[in-house]
Amino acid sequence: MKFGHHQSFYLRVNWLSKAFKAIESDPRFFYDDHGFEKIGLGRNMVKSLKYWSTAVGIMSEKKNEERKPVHVLTPIGELIKQHDRFVRRPLTAAVLHYLLASSKEQATSWYWFFNVCNLRSASADEVLESLNEWVFNEFDKSVSIQSLKRDIECIRQLYTSRSAVGDDPEEVVASPFSSLNLLADTKQGLVKQTPDIQNIGLDALYFSLLVYGHRHQVNSVTWEELQVKPLLWGRMYHLTSQQILEVLELLHAEPYYPLTFVRTNQLYTLNFELVEPHQFLQKAYEREAAM
């Protein structure tokens with residue numbers, strides 16, 4: 001489990017592009033104490049960028065021929081670098097959100113907030129109390145309240161921070177996840193929002209289904225599971241039961257998504273072909289580029 005590794009900095013829209021460029025020129029960039037001088041970010045921001053780049057699944061660590069740690073792009077990272085390095089497309093933002101919030105090990109508070117937490121509207125203190133209780137019960141140990149507070153604040157910023165018109169592109173503070181409209185910051189506290197389907201996109205929803213299928217070694221889910229089960233649409237994207245039915249109809253009408261949706265004894269079941277998620281994502285980007 002990991003808490004507070006973001007150094008209290010949320011991910012900005014142009015940061016992943018910096019990570020792509022940095023490890024392309026030097027796979028050991030994030031182990032260079034003076035690397036921050038080369039990238040235009042502060043020392044702690046670079047530590048934050050290292051965390052976010054691994055937490056959202058665009059890079060991973062391995063050993064080079066000299067047995068020294070280096071960072072390499074994952075297949076998903078290679079695709080995003082090629083097609084959307086500045087995270088301008090809803091597809092990319094929705095995919096990265098899924099990979100982040102489904103990583104219980106790398107982004108424990110995010111996993112809890114989007115898969116376990118049943119609070120739809122709550123103050124930061126109420127969210128903190130609930131997260132602290134879950135952490136103790138789940139891991140049989142306590143975590144610094146300050147670390148949990150920083151995670152909750154970072155969740156708020158990551159899903160609500162937007163740049164104003166006329167902001168300097170070099171000083172942009174927008175988060176790539178704010179466009180998903182999954183969370184609102186109100187006077188009453190944090191409110192989980194139900195987004196429009198187009199904010200997420202059919203490709204991202206099908207991609208998440210493939211990731212789920214590979215992780216659990218299944219190629220079918222029920223309508224009820226899609227609504228309430230961790231790592232599926234109702235939890236991860238806050239979709240309603242009616243929206244999920246609409247998505248299933250839309251997916252079934254397109255040839256890009258090999259699936260069937262059947263009803264047996266009052267049970268709705270979605271069967272899908274378990275292809276590699278990154279291979280599907282490659283085709284999704286190619287379709288978008290051809291439009």
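All values reported here derive from a predicted model rather than from experimental measurement.
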**Report entry** Enclosure of Gln242 CD (heavy-atom neighbours >12, cutoff 6.0 Å)
**Finding:** no

Requested in this report: Determine, stepwise, if the pair Val143 / Leu131 fulfils side-chain contact (heavy atoms from CB on, under 4.5 Å).
Outcome: CA-CA 10 Å; Val143 174; Leu131 173 58; over 6 Å; no

Query raised in the report: Do Val72 and Met59 share a hydrophobic cluster (ILVMFWY, side-chain heavy atoms under 4.5 Å, transitive)?
Result: no

Requested in this report: Would you mind reporting whether Leu182 and Pro195 have side-chain heavy atoms less than 4.5 Å apart?
Outcome: yes

Query raised in the report: Under 3.5 Å, side chain of Glu246 to main-chain N/O of Ser241, donor-acceptor pair present?
Result: no

Query raised in the report: Would Tyr10 and His6 count as a ring-ring contact (aromatic ring centres under 6.0 Å, His included) if you check the C-alpha gap in whole Å, the side-chain angles of each, and the deciding distance to 0.1 Å?
Result: CA-CA 7 Å; Tyr10 63 92; His6 42 74; 10.0 Å; no

**Report entry** Value rounded to 0.5 Å, distance of CG in Leu73 from CD1 in Ile23
**Finding:** 4.0 Å

Query raised in the report: Is Phe20 close to Phe86 at the side-chain level, that is, under 4.5 Å between some pair of heavy atoms?
Result: no

Query raised in the report: Can you check whether Pro176 reaches Leu11 side chain to side chain, under 4.5 Å on heavy atoms?
Result: yes

**Report entry** Taking every non-hydrogen atom, the tightest pair across Ser208 and Leu205
**Finding:** OG-O, 2.7 Å

Query raised in the report: Do Glu24 and Lys81 sit within salt-bridge range, that is, some charged N less than 4.0 Å from a carboxylate O?
Result: yes

**Report entry** Glu78 versus Gln82, side-chain donor and acceptor atoms under 3.5 Å
**Finding:** no

Query raised in the report: Would you find more than 12 non-hydrogen atoms of other residues, nucleotides or ligands less than 6.0 Å from Gln7 atom CD?
Result: yes

Query - SB check Glu153 Arg156 (cutoff 4.0 Å) - result: yes

Query raised in the report: From Leu128 CG over to Gln146 CD, what is the distance, rounded to the nearest 0.5 angstrom?
Result: 9.0 Å

Query raised in the report: Mind checking whether Leu79 and Asp84 have side chains closer than 4.5 Å, heavy atoms only?
Result: no

Report task. For the residue pair Trp223 and Leu270, establish whether any side-chain heavy-atom pair is separated by less than 4.5 Å. Result -> no

Report summary line: Shortest non-hydrogen pair, Tyr98 vs Leu231, comes out as OH-O, 2.8 Å

Query raised in the report: With distance as the sole test, does Asn132 use its side chain to make a donor-acceptor pair with the main-chain N or O of Leu148 at under 3.5 Å?
Result: no

**Report entry** Salt bridge Arg89-Glu288, side-chain N to carboxylate O under 4.0 Å
**Finding:** yes

**Report entry** Residue pair Leu91 / Tyr285, side-chain heavy-atom distance below 4.5 Å
**Finding:** yes

Query raised in the report: Is it true that a side-chain atom of Ser130 and a backbone atom of Val127 form a donor plus acceptor pair closer than 3.5 Å?
Result: no

Requested in this report: Please examine the side chains of Phe3 and Ser109, heavy atoms only from C-beta on, and report whether any two atoms are closer than 4.5 Å.
Outcome: yes

**Report entry** Any donor-acceptor N/O pair, Thr194 side chain to His238 backbone, under 3.5 Å
**Finding:** yes

Query - Side-chain heavy atoms of Val87 within contact of Leu16, under 4.5 Å - result: yes

Query - Residues Leu183, Leu190; criterion side-chain contact (heavy atoms from CB on, under 4.5 Å); working and verdict - result: CA-CA 7 Å; Leu183 192 63; Leu190 299 178; 4.2 Å; yes

Query - All pairs passing salt bridge (Lys or Arg N to Asp or Glu O under 4.0 Å) where residues 130-147 contributes a residue, at least two apart - result: Lys104-Glu138

Report task. Please find out if less than 6.0 Å separates the ring center of Trp233 from that of Tyr212. Result -> no

Report task. Count the heavy atoms of every other residue, nucleotide or ligand shown that sit under 6.0 Å from OH of Tyr257, and state whether that count exceeds 12. Result -> yes

Query raised in the report: Can you name the closest pair of heavy atoms from Ser179 and Asn199 and give their distance?
Result: O-CG, 4.1 Å

Query raised in the report: Going by the angle between their ring planes, with limits at 30° and 60°, are His71 and Phe30 parallel, tilted or perpendicular?
Result: perpendicular

Report task. Any pair with a residue in residues 201-225 that passes salt bridge (Lys or Arg N to Asp or Glu O under 4.0 Å), sequence neighbours left out, goes on the list, sorted by first then second residue, please. Result -> Asp203-Arg287, Glu225-Lys229

Query raised in the report: Quick one: CD1 on Ile152 to CG on Asp125, what's the gap to the nearest 0.5 Å?
Result: 8.5 Å

Query raised in the report: For the side chain of Tyr206 and the backbone of Pro258, is there at least one donor-acceptor N/O pair under 3.5 Å apart?
Result: yes

Requested in this report: Quick one: do Phe207 and Phe280 satisfy ring-ring contact (aromatic ring centres under 6.0 Å, His included)? Show the steps, please.
Outcome: CA-CA 7 Å; Phe207 170 87; Phe280 169 80; 7.3 Å; no

Query - Gln227 vs Leu245, side-chain contact (heavy atoms from CB on, under 4.5 Å): CA-CA, chis, key distance, verdict - result: CA-CA 10 Å; Gln227 296 174 61; Leu245 279 177; over 6 Å; no

Query raised in the report: Short question: side chain of Ser220, backbone of Asn271 - any donor-acceptor pair under 3.5 Å?
Result: no

Query raised in the report: Does the Ser103 side chain pair with the main chain of Leu99, one donor and one acceptor, at a distance under 3.5 Å?
Result: no

Requested in this report: Take Lys47 and Phe36 through the side-chain contact (heavy atoms from CB on, under 4.5 Å) test and state the conclusion after the steps.
Outcome: CA-CA 9 Å; Lys47 292 179 181 178; Phe36 71 96; over 6 Å; no

Query raised in the report: Any sub-3.5 Å donor-acceptor pair from Thr54's side-chain atoms to Tyr51's backbone N or O?
Result: yes

Query raised in the report: For the residue pair His214 and Pro277, what are the closest heavy atoms and their distance?
Result: CD2-CD, 3.5 Å

Requested in this report: Measure the spacing between CZ of Phe113 and OG1 of Thr108 and express it to the nearest 0.5 Å.
Outcome: 15.0 Å

Query - side chain to side chain donor-acceptor pair (under 3.5 Å), paired with His97, selected from Tyr159, Tyr237, Trp110 - result: Tyr159

Query raised in the report: Hey, mind stepping through Asp32 and Lys38 against salt bridge (Lys or Arg N to Asp or Glu O under 4.0 Å) and telling me if it holds?
Result: CA-CA 10 Å; Asp32 181 354; Lys38 308 171 187 176; 2.9 Å; yes

Report task. Verify, without hydrogens or angle tests, whether Ser48 (side chain) and Asn44 (backbone) share a donor-acceptor contact under 3.5 angstrom. Result -> no

Report task. For Phe272 and Val221, work out which heavy atoms get closest and say how close. Result -> CE2-N, 4.3 Å

Query raised in the report: Between Ser102 and Met236, what is the shortest heavy-atom contact and its length?
Result: N-CE, 3.7 Å

Query raised in the report: Has Lys192 got more than 12 heavy atoms of other residues, nucleotides or ligands less than 6.0 Å from its NZ?
Result: yes

**Report entry** Interatomic spacing from CG in Leu226 to CD in Gln243 - rounded to 0.5 Å
**Finding:** 13.0 Å

Requested in this report: State the CD1-OG1 distance between Ile76 and Thr92, to the nearest 0.5 angstrom.
Outcome: 10.0 Å

Query raised in the report: Within the distance-only criterion (no hydrogens, no angle test), does the side chain of Thr74 pair as donor or acceptor with the backbone N or O of Gly57 below 3.5 angstrom?
Result: yes

Query raised in the report: Distance only, no hydrogens: is a donor on one side chain within 3.5 Å (strictly under) of an acceptor on the other, for Asn14 and Arg85?
Result: no

